2 protein chains.
Amino acid sequence: MSHAPASDTLHARIRSSIERKILSGAWKPGDRIPFEHELMEKYQCSRMTVSKAIADLVSAGLVVRRRRAGSFVAQPPVHLSILDIPDIQAEIRQRGQEYSYKRIARAVRKSARGNAEEQALADGGLLLAVECLHSANKRPFALERRLIALKAVPSAADANFAHVSPGAWLLDHVPWTQAEHRVSAISADVAVSDALEIDPRAACLRLERRTWRNGVAITHVVQTFAGESYHLAGSFTPTRAKRR
Amino acid sequence: MSHAPASDTLHARIRSSIERKILSGAWKPGDRIPFEHELMEKYQCSRMTVSKAIADLVSAGLVVRRRRAGSFVAQPPVHLSILDIPDIQAEIRQRGQEYSYKRIARAVRKSARGNAEEQALADGGLLLAVECLHSANKRPFALERRLIALKAVPSAADANFAHVSPGAWLLDHVPWTQAEHRVSAISADVAVSDALEIDPRAACLRLERRTWRNGVAITHVVQTFAGESYHLAGSFTPTRAKRR
DNA sequence: GCCCGGAATATGTCTATACATAAAGACCAA
DNA sequence: TTGGTCTTTATGTATAGACATATTCCGGGC
């Protein structure tokens, strides 16, 4: 919802100016950001000041600096399992298994009238609903039901997701700034056990995730993983002071 | 395993010197760290340099600064669910339910001979094994089996964990710097369904976690949550550049 | 005792400058 | 083309000083 308040110190203004370009997608990963001397000129300040602004962006992971070459928009994170948004395909291949993907359904529709959450996601626009199946070594592995807000990601309307999973597509095309997980264990119902070819009532891992970019909802997904075959794993350090 | 390499720049040396005091527990949350002018004296450098060292610690969340008052060791993070180590008691109370705790077993023993992982945890010392049950509104909620490395946390030997759960005790007494999760869904076996008073083969959420402080293994825990009643939830932002 | 205002002080921001260093690019030789 | 030097250049580290600003502290007036 709210955009950056552009704090009243100079280095914070420079920082958030650059940050906005990156988060809005105007400057893409790998792009060179202006040289420090150009920013000095633009903001009429000393090099230490622009340097501090860029250093802040480096410590936030948005920018990397290379001597003599300049400073560049950082590549988005590769992945870090639970805490991050997992790329199922990459994870299966990393285990040395064969990955396959099948789209079950794809539809563009309005948000359901009674469903406040869908309406918040759609934000007055349309929703793209995709249902698909991920398999490892030809065995069904995860069932995925996803909604994408077309108002927030209009280019998703051009992807049919017949051969590329919406998760992988989104990771490539849409930077995200915030996500929420809910992980639980469920007994498979008929629809799930049929799709995943497992016993009815078998234990499954259910992962629900909502993702935002700058406060704008992008997507909502429920992934159901077959039985005990899968686990989410993650390595992490303490969450300390919240900034901003 | 490895301790801080104490990089070769001055501000990095100052930074890791302070960091070591905090992570080792020598300086506790709320303690004031030396004034900038004292550090200038100690390291014979300019104020900008010590200021940068402290600014880095602020951005890492280890320190907070207050004008006129000084800089202080930050309070440890409150909690942030999945990504953090959950405090089960606090979470249940936050839901408005009554929390109760029961110790099932406690024993000090050597690491199992054939078990390389237990031996790595024990690191030549003894292990404290605790089994306990968490309940919400008098209904069993989670079964916990935990190992604590007494060599890394000798004071744990003095706690009997009859009324305080080892998780809560550790969060209060031992700072951690690194953790790994594995989350999966399992069907309850007999031991679990008995302890949690649920149907045999009911779906349960299993959370396994290892925790370290400065490369030294502290504890290993497996928590099994009853049925579909529980979910882990977490809000997070992208994991970008890894530092250090 | 209590409230308010001023002095003291530690951090916050910024400048201008200096030298170090990594690496891209150019140039030259085999 | 290949391979090795040398130059150039943008960032990396550090200094010394200036002024701003938020608090704490202290003392005076009521």
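Below, chains carry the letters A, B, ... as their sequence lines are ordered, and counting in each starts from 1. Since this is a predicted model, take the numbers as computed values, not measurements.
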Rounded to whole angstroms, how far apart are [atom1] on [X] and [atom2] on [N]?
X	N	atom1	atom2	answer
A:E36	C:dA16	CD	P	16 Å
A:I14	C:dC14	CD1	C1'	11 Å
A:Y43	C:dA16	OH	P	18 Å
B:F35	C:dG12	CZ	P	13 Å
A:M40	D:dA10	CE	P	12 Å
B:M48	C:dC14	CE	C1'	8 Å
B:R15	D:dA14	CZ	C1'	18 Å

Sequence-distant partners of B:D158, side chain to side chain contact (heavy atoms under 4.5 Å, CB included), two or more places apart: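 Listed in chain order: nothing, the list is empty.
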
Among the nucleotides D:dA10, D:dA22, C:dC14, which one has an atom lying closest to any side-chain atom of B:R68?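 Among D:dA10, D:dA22, C:dC14, the one nearest the side chain of B:R68 is D:dA22.
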
Are A:E144 and A:K102 ion-paired here, with the side-chain N under 4.0 Å from a carboxylate O?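 Salt bridge: no.
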
Sidechain N-carboxylate O distance under 4.0 Å for B:R65, B:E36: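 Yes, B:R65 and B:E36 are salt-bridged.
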
Scan A:R47 against the nucleic acid and name what it touches under 4.0 Å (heavy atoms): base, sugar-phosphate only, or nothing.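 Here A:R47 touches the bases of the nucleic acid.
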
Which part of the nucleic acid does A:S71 contact within heavy-atom distance under 4.0 Å: base, sugar-phosphate only, or nothing?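 Sugar-phosphate, no base atom in range.
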
Got a donor-acceptor pair under 3.5 Å from the side chain of A:R66 to the base of C:dA24?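 Side chain to base: no pair present.
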
Has A:E98 got more than 12 heavy atoms of other residues, nucleotides or ligands less than 6.0 Å from its CD?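 Count over threshold, so yes.
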
